[in-house]
Structure formats: structure tokens, C-alpha cells
Amino acid sequence: MSGTTTAAAAPRGRTAGASANRWVVLLVLCTSLLLVAVDATVLHVAVPAVSEDLRPGAIELLWIVDVYPLVCASLLILFGTLGDRVGRRRILLLGYGLFGVASGLAAFADSALVLILARALLGVGGAMIMPATLSILRQVFPDRRERAMAIGVWSAVAAVGAAVGPLLGGFLLEHFWWGSVFLVNIPLMLVSLPVGRLLLPESRGERGAGPWDVVGALTAAGGLFGVVLGVKRLGGGEGAGNFLTVVPLVVGAALLVVFVRRQRRRTYPLVDLRMFARPAFSTSVGCIVLAMLALVGLELIAAQYLQLVLDLSPLETGLRLLPLTLAAMAAGLAGARLLRRFGPRTTVCAGFCLTAAAVGLLTAMGGEDNAGLMLSGFVLLGFGLETTLFGAYESMLSEAPAAQAGGAAAIGETSYQLGAGIGIALLGSVMNAAYAPGVGSVPGVPASASASAGHSLGEAYEVAGRLGGSPGVALRAAARDAFVHGLHVTLLVSAGLLVLGAVMALRLPRVMCGGAAEPVAVPGPREVAGSRVSV
């Protein structure tokens with residue numbers, strides 16, 4: 001790994017990797033990540049209350065939910081690479097401020113349009129915060145073994161945030177109005193801003209790395225926006241031939257091709273694509289995509305199974321999924337030790353295999369509740385998935401040059417978001433293909449009702465309720481059985497993807513390299529130069 005990290009001179013030894021402060025810095029960074037992770041899921045339980053109060057249309061409601069991850073995924077590379085040029089701490093603090101302002105705007109939104117705008121600003125703030133936390137962590141922990149432990153804590157916090165979001169949202173909605181799910185961010189950001197300014201070290205990439213490529217950054221943002229939007233529409237059930245699905249995908253893919261060609265021609269590229277020539281880096285990125293592709297859509301389907309097939313309440317569903325989160329936390333905290341003992345190749349490959357075994361175990365789920373089976377499956381699933389993601393993230397970040405830490409972190413987060421979006425689309429399509437034939441010809445049910453029931457299990461229950469009598473009962477039973485069958489097929493497809501990931505992981509290094517601390521240059525005040533921005 002090459003590259004030099006530069007840190008702004010600061011009082012009280014606030015320098016890169018300062019031994020006395022680095023674990024405090026990790027605490028500040030994890031708090032930042034927790035807020036972003038919570039905000040990604042906290043709105044889900046508030047959607048009914050938002051719908052009742054603001055009366056958004058179907059398209060407006062879709063944008064209220066999706067605009068945050070869409071904007072965030074699109075801008076990760078832009079802000080990750082900008083942080084490398086103008087200062088990662090500076091971008092992080094600006095993200096804090098924007099996140100707080102946007103949270104206040106969302107909390108008191110009086111229309112769907114204002115809420116959509118606020119959620120978009122939250123996405124911008126999240127895109128500034130996420131890669132900055134990981135790149136500063138890369139800089140503050142130059143020793144790879146300590147960095148592995150820090151990344152384990154970081155990934156465990158991410159798992160906690162994703163699980164806490166719905167639970168926190170449910171608690172706040174029971175006692176306050178829906179805007180409180182956003183308002184809770186503001187006091188935390190008011191604390192994070194001064195604490196971050198005081199404790200976090202400033203850093204940027206190598207001097208002489210040339211101007212920041214504004215056109216390239218905007219091209220990447222536009223391309224990712226189009227691709228993620230198209231993938232989300234596919235995941236939402238829109239057909240592949242739909243104009244509003246095809247156009248974003250085609251335009252987004254074309255812009256990304258233009259971005260790649262532009263980076264290859266430039267003397268000072270925005271993202272050094274030569275990183276992908278390193279097997280450890282490219283394989284790690286592929287593992288992140290494949291792990292999320294295989295499992296995010298599956299998680300959504302599992303939530304539907306728990307609520308619609310087993311008839312559990314949202315709170316009971318959250319509690320059933322809680323062991324998955326706890327196991328993921330344990331894997332994150334144990335990951336550094338596993339990585340040191342077994343190396344990246346064995347760790348990531350074993351994580352994929354363990355997750356595939358868990359998915360295979362869950363194929364035994366049927367129409368009746370089996371709490372013990374689900375507990376075992378979810379624990380194995382959480383531990384295996386987090387082991388895989390931890391090992392892949394650590395290998396990717398350690399393989400990237402220190403000067404490209406922001407860009408590398410942004411690539412990792414973008415891969416995560418793309419894998420999640422593609423997974424929802426792919427596994428959702430598999431589920432629908434396996435489910436729909438089961439409700440296509442139920443005795444006594446009209447063809448139009450069967451067609452509507454084929455869209456989803458929730459819609460099938462609504463149609464069955466309207467039909468009533470024996471046809472309604474028959475349709476409900478058929479839809480329930482068809483959903484369980486579709487779940488089994490989806491699980492098998494997911495297991496196949498995970499096995500493919502295990503094979504891919506064999507390209508990772510056998511042992512951890514670079515255990516010693518990397519040289520970190522801390523210049524004097526006169527050596528800190530501002531970055532140029534050009535078009």
C-alpha cells in the first residue's frame with residue numbers, strides 16, 4: 001500500500017493515529033454511523049402515520065421512502081473523493097450540519113413535497129458522513145491489526161443501527177407524532193459537531209494529486225442515480241420493459257461507462273481504477289456486492305413471512321429478527337481475531353459457507369411456526385453475513401492506498417447499496433415467479449381476482465377478504481402455500497449465490513499482510529496546502 005496521509009496541525013496532538021485519542025475518535029465515528037444507519041430504517045414504521053397526515057399520492061409516498069438511499073448511494077463517490085482533496089474531517093463536519101438541518105426540516109414538514117426534499121438533503125448528508133467515517137478510520141489506525149478491530153466495531157455499530165431504527169421509530173410513534181423520528185437526530189448532531197471538530201484529525205490525500213475532477217464526479221453521480229433508480233423500480237415490481245425503468249438504467253449505465261473511460265484518460269483521476277487490478281481489492285468489492293445481493297431481498301421476504309404467514313405483529317417480527325442482529329454484532333467484535341488467525345481468504349470464504357448453510361437450514365420453514373429453527377437459522381445467518389462483510393471491507397480498505405481512502409470507502413459503500421438494490425430486484429422477481437402460479441387457478445375464484453392475488457401475498461389476503469365464503473378461504477390458503485413455496489425457491493437461489501461468493505473469495509490473500517503501522521506524514525502548518533477544484 002502506498003500513499004501519504006497529511007494531517008492539519010492541531011493543538012493537543014490531534015494528529016493522525018495519535019495513540020491517546022484514536023479509540024475516542026472511533027467512538028465519535030461510530031456515533032456518526034449509528035445516526036445514518038438508524039435514519040435509513042427508522043421511517044419504515046412511520047409510513048402509515050405519514051400517509052394519514054400528509055396524504056401523499058402513491059408516487060410521492062414511494063419517493064418519501066426511496067429518495068434517501070437513492071441520493072445517498074448516488075453521491076458516495078462524489079463526496080468520498082472530495083474528502084480526499086479538501087479534507088475528510090471538513091466533509092464529515094459539513095455532513096453533520098446538513099444532516100441536522102435536514103432532520104429539522106423533515107420533522108416539521110407540512111407537505112409531501114417538503115418531506116421528499118428533506119429526505120433528499122438527509123441523503124446528501126449521509127453521503128458526506130458515510131465514506132468520511134471509514135476513510136478517517138483508515139487514517140487513524142495505520143496498524144492493520146488495530147484497524148481490523150476498529151472496523152469490526154464499526155461494522156457491529158452498523159448492524160445495531162439497522163435493527164434499532166424500526167424499534168426506535170415504533171417507540172417514538174407510540175408517544176409522539178411521526179416527525180419525532182427525525183427530530184431525535186438534532187441533539188446528537190449538535191453534540192457531534194463540536195466534539196468532532198475538537199477530536200477528529202484532518203487529513204487529505206497526497207499533495208500534487210492534481211485538481212478534483214468536477215465533471216467526473218457529476219458523471220459518476222448521475223450514472224449511479226440512474227442505475228440505482230432503475231434497479232429500485234425493478235425491485236418494486238415494475239417490468240423490465242417499462243419506459244421509466246429502462247431509461248434510467250440505460251442512461252445510468254452509459255454515464256458510468258463515460259466515467260470509467262474519462263478516469264482512464266486523466267493524469268489525475270478522480271478514482272484510481274488501477275485499484276481494481278489488485279485481486280484483493282476487486283475481489284473484496286465483488287464479495288460485498290454478492291453478499292448483499294443474496295441477502296437483502298431475502299430479509300424483506302422473511303419479514304413478510306413472519307407477519308403474513310405466521311401472523312406475527314410488527315413488534316414480534318422485530319424480536320424474531322433480533323438474534324440476527326445480535327449475532328452480527330458478535331461477528332463484528334470477533335472479526336479482528338478471526339482475521340488475524342485465519343486470514344482474509346479463509347474468513348470470508350467460511351462466512352459465505354456458514355451463511356449458505358443457514359439459508360439452507362431455513363428452507364425447512366413451513367406454514368407453521370418453528371421458533372427454534374428460526375432462532376438457529378437467524379443466528380448463523382447474522383454471524384456468517386457479518387463475518388463475510390467485515391472481512392471483505394477490511395481487505396478492500398487495507399489494499400487501497402492511504403491517499404485514496406475516501407474513494408475506496410465510497411466504492412465499498414456504493415457496492416453495498418448496489419448489491420442491496422439488485423438483490424431486492426432479483427430475489428423479488430424469483431419470489432414472484434415462484435409464487436404467482438400457485439394462485440393462478442384456485443377453484444371458485446374469478447380470473448381477475450386471481451391476477452390481482454398474484455401480485456403479492458398481502459394483496460391476495462385483501463382479495464380473499466372481499467370474496468368471502470369458501471372461495472375467499474380457498475384463495476387465502478392457496479396464497480399462503482404459494483408464498484411458502486416461493487420462499488423455499490428464493491432461499492435456494494440465495495444459497496447458490498452465496499456458494500458462488502465463497503468461490504470468489506478464494507482469490508483473497510491467504511494471510512493478513514501489513515500488520516505493522518504504515519508511515520504517516522504529519523506536515524507542519526506551512527506544508528498544508530489547499531486543494532484545487534477544476535472542471
Side-chain angles (χ1 to χ4, degrees), residues 66-67 69-86 91 120 123-124 126-128 130-131 135 205-206 209-235 238 240-278 281-286 288-290 292-293 396 400-401 403-422 425-426 531-535:
D66 284 345
V67 72
L70 180 61
V71 170
C72 187
S74 303
L75 297 178
L76 286 167
I77 288 179
L78 188 154
F79 286 118
T81 56
L82 182 61
D84 287 338
R85 301 304 174 97
V86 305
I91 294 296
V124 176
M128 299 172 84
M130 290 173 69
S135 56
E206 290 179 340
W212 186 58
D213 182 11
V214 178
V215 171
L218 294 176
T219 303
L224 288 170
F225 186 91
V227 169
V228 175
L229 176 59
V231 166
K232 280 186 172 293
R233 287 183 60 83
L234 286 173
E238 299 292 341
N242 186 288
F243 179 80
L244 294 177
T245 302
V246 172
V247 171
L249 279 173
V250 172
V251 173
L255 287 174
L256 290 179
V257 170
V258 171
F259 170 74
V260 170
R261 296 185 64 179
R262 178 181 176 86
Q263 298 310 296
R264 286 178 174 172
R265 291 196 308 266
R266 289 182 65 84
T267 305
Y268 302 108
L270 185 71
V271 176
D272 188 355
L273 298 177
R274 290 175 298 178
M275 288 191 294
F276 285 95
R278 303 182 179 192
F281 185 88
S282 56
T283 301
S284 297
V285 171
I288 292 170
V289 172
L290 202 53
M292 297 312 301
L293 189 154
M396 179 204 70
Q404 290 273 333
I411 289 171
E413 293 296 335
T414 303
S415 303
Y416 185 101
Q417 298 288 344
L418 283 176
I422 295 171
L426 175 63
S531 297
R532 294 179 290 133
V533 178
S534 74
V535 178

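Quantities reported herein were computed from a predicted structural model and do not represent experimental measurements.
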Open item on the list: How long is the straight-line distance from CG of Leu224 back to CG of Leu78, given to the nearest 0.5 Å?
Closed with: 10.0 Å

Task: Minimal non-hydrogen separation, Gly216 against Arg262, with atom names - done: N-NE, 3.6 Å

- [ ] Grab the two heavy atoms, one from Ala220 and one from Ile77, that are nearest each other, plus how far apart they are.
- [x] CB-CG2, 4.4 Å

- [ ] Considering non-hydrogen atoms only, spot the tightest contact between Ala120 and Val71 and give its length.
- [x] O-CG1, 3.6 Å

TODO: Identify the two heavy atoms, one from Leu255 and one from Thr219, that lie closest to each other, and give their separation to 0.1 Å.
DONE: O-CG2, 3.2 Å

Task: Gap between atom CG of Leu82 and atom CE of Met128 - 0.5 Å precision - done: 7.5 Å

Task: Where Val227 and Ala253 come nearest, the two heavy atoms and their spacing - done: CG2-N, 3.7 Å

Task: Shortest non-hydrogen separation from Gly126 to Cys72 and the atoms involved - done: C-SG, 3.8 Å

